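Sharing a structure with you now.
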Amino acid sequence: MRRPRLAAAGLALAVAAAGGLASAARGDAPERVSRYVTDDRGRVLTLHGFNTASSAKSTPDALPELTEADVETEYRAMGTNFVRFLMQWRAVEPSPGVYDTKYLEKVAERVGWYAKRGYHVMLDMHQDLWGNQITPDGRAGNGAPGWATHLDGLPVAGEHDTWELYYLDPGVMRAFDHFWNTTGEHPELMDHYAGAWRAVADHFKNDPAIIGYDLMNEPWGGSVQGAAFENGPLAELYRRTIAQIRSVDQDNWIFVEPQAVGVNWGLPSGLPRFDDPRAGEPRIGLAPHVYPLPLDLGEDYVGASREWTDTTLGWWRSNMLRLAERQGGPVILGEFGLDTTRPGATELVERMLEMTDELGMGRAYWSRDPGPWGPYDGEGRPGPLVPVYARPYPRAIGGVPRQIAYDRAAHSLTVRFDADGSGPTEIYLPADEFPRGGRVTGALSSSWDPDRRILTATTAASGVQTLTVTPS
Ligand SMILES: CN(C)c1ccc(C(=O)NC[C@H]2N[C@H](CO)[C@@H](O)[C@@H]2O)cc1
């Protein structure tokens with residue numbers, strides 16, 4: 001649904017321009033990330049997948065409307081290997097200090113559907129607008145349980161033209177101000193949230209499909225915003241939650257998100273660096289989102305708004321690389337997406353896939369749900385996203401990547417890396433462009449699995465290796 005033009009659009013763009021110019025002027029950012037999520041052999045993973053699924057926000061059981069057949073369909077059509085799996089605090093901790101093991105077991109069952117197909121799973125404790133009890137009909141927000149929702153009788157609109165305006169309603173602001181202890185009246189809530197994550201981590205710590213935990217979706221500071229929020233209550237929540245998770249799970253990655261407002265558009269984040277109390281290398285990563293403001297305000301990725309969008313993507317790239325350098329961890333682009341039926345939409349998706357390949361970032365498209373944003377419509381028919389997302393990529397790389405580049409016109413994928421002996425490199429090749437698999441140069445040997453559509457290339461165990469894959 002196209003968003004109505006907001007009168008504040010000009011102000012928002014002015015803010016973005018000012019912020020973006022400031023961030024662009026802040027000196028050079030690194031060219032790509034310096035750390036990666038690896039598999040159990042130590043190979044670097046390229047994480048390519050979807051958010052599954054927005055439906056979990058509103059289902060009574062807080063589980064996505066998803067079948068194992070849906071996972072099979074997704075793999076067969078696009079060869080994805082990653083999922084940002086939405087969970088809800090309301091289901092994890094239905095009453096204070098009581099954790100619903102049956103819910104976690106149902107989540108684990110779905111994780112198993114992905115695990116059978118070689119997927120890697122990041123669990124997302126998802127919220128939007130705090131929780132479903134901000135309105136009597138339960139249809140606006142999602143995430144937080146009712147017992148943690150304190151509106152103090154302040155008003156929340158029955159509905160808004162654009163959903164994000166609920167964040168500014170007095171009742172929603174108050175609920176967040178209580179959570180962040182800005183009011184000083186509910187110091188217990190952040191500890192409950194951290195405790196819920198401990199219960200999740202304790203349940204999944206030995207599940208080999210889980211690669212990590214995304215601590216909070218698109219944090220909103222209520223009446224505390226910007227660097228004061230990110231360095232203040234948000235950092236405090238993350239520190240408490242990291243400590244709780246590490247008390248039961250020493251090994252899974254923990255991902256933190258900057259605040260959504262402004263940063264989703266490409267503006268800089270003030271999020272500080274987080275220490276990891278685990279023994280050995282720290283495993284704290286970033287999971288930012290990107291939603292270019294021109295597109296968020298209803299423009300299409302064409303003409304002047306395409307140029308504006310590309311400019312803001314340049315800001316996002318520099319700012320997120322700086323944040324990753326500060327944190328010293330990997331980056332998974334946790335969300336990006338748009339109405340794929342709009343002019344220029346599939347080119348934007350292609351641009352995001354090229355950029356995350358170039359920067360060494362994972363990516364999860366928003367979202368797997370049926371509809372114009374997703375890969376399939378309400379009747380399960382594939383839309384324009386499927387052929388774009390069915391993209392050749394190195395699922396696992398036998399060394400530290402230096403370049404991942406797909407030239408769609410030439411049907412040629414280049415993967416250059418510093419080999420480290422961690423194992424062969426596995427490359428997914430989609431059927432449309434590689435009907436009979438691929439031919440690879442730069443490998444000592446290779447094999448083709450037509451069922452999983454994976455080309456496995458063995459190289460020397462050290463030195464810079466360059467694999468070039470073209471259709472057989
Ligand atoms: C004012 N605030 C706090 C705000 C505004 C806008 C978004 C947003 O568009 N987010 C992009 C997408 N992410 C969520 C799911 O995480 C989707 O519902 C949004 O489309 C978020 C927060």
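In each ligand, atom 1 is the first atom listed, and ligand 1 is the first ligand listed. In what follows, residues are counted from 1 in the order of the sequence shown. Quick caveat: nothing in here was measured; it's all calculated off a predicted structure.
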Legend entry - Numbered atoms and elements of ligand 1 in range of E335, under 4.0 angstrom, heavy atoms: 12 (C), 13 (N), 14 (C), 15 (C), 16 (O)
Inset, instruction - Name the orientation class of the two ring planes belonging to Y167 and F176 (parallel below 30°, tilted from 30 to 60°, perpendicular beyond 60°). - result: tilted
Under 3.5 Å, side-chain donor or acceptor atoms of residues 200-207 against the rest of the protein: list the pairs with distances, not counting sequence neighbours.
residue: D202; atom: OD1; partner: K205; partner atom: NZ; Å: 2.6
residue: D207; atom: OD1; partner: A209; partner atom: N; Å: 2.9

Legend entry - side chain to side chain contact (heavy atoms under 4.5 Å, CB included) against V44, all qualifying residues, sequence neighbours excluded: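 With neighbours one apart ignored, the set is Y36, T38, I397, P401.
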Legend entry - V83 side chain reached by E74 side chain, heavy atoms, under 4.5 Å: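 Not touching, per the 4.5 Å side-chain cut-off.
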Inset, instruction - For the residue pair T73 and D70, confirm or rule out a side-chain donor-acceptor distance under 3.5 Å. - result: no
Inset, instruction - Using non-hydrogen atoms of the residue, decide whether H126 is closer than 4.0 angstrom to ligand 1. - result: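 The answer is yes, since H126 has a heavy atom less than 4.0 Å from ligand 1.
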Inset, instruction - Please work out which of W220, W265, W163 has its closest non-hydrogen atom nearest to atom 3 (C) of ligand 1. - result: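 It is W220 that holds the nearest heavy atom.
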Legend entry - Contact check, side chains of E218 and H126, non-hydrogen atoms, under 4.5 Å: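 SC-SC contact between E218 and H126 ruled out.
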Inset, instruction - Give yes if a backbone or side-chain nitrogen or oxygen of K57 is under 3.5 Å from a nitrogen or oxygen of ligand 1, and no if not. - result: yes
Legend entry - Nitrogen or oxygen of E218 less than 3.5 angstrom from that of ligand 1: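 Right, the criterion is met.
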Inset, instruction - Give yes or no for whether the N/O distance cutoff of 3.5 Å, strictly under, is met between W373 and ligand 1. - result: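 No, no N or O pair falls under 3.5 Å.
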Legend entry - Within-cut-off N or O pair, E164 and ligand 1, under 3.5 Å: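 Among all N and O atoms of E164, none is under 3.5 Å from an N or O of ligand 1.
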Inset, instruction - Pick one of side chain, backbone, both or neither for how D128 approaches ligand 1, counting any non-hydrogen atom pair under 4.0 Å. - result: side chain
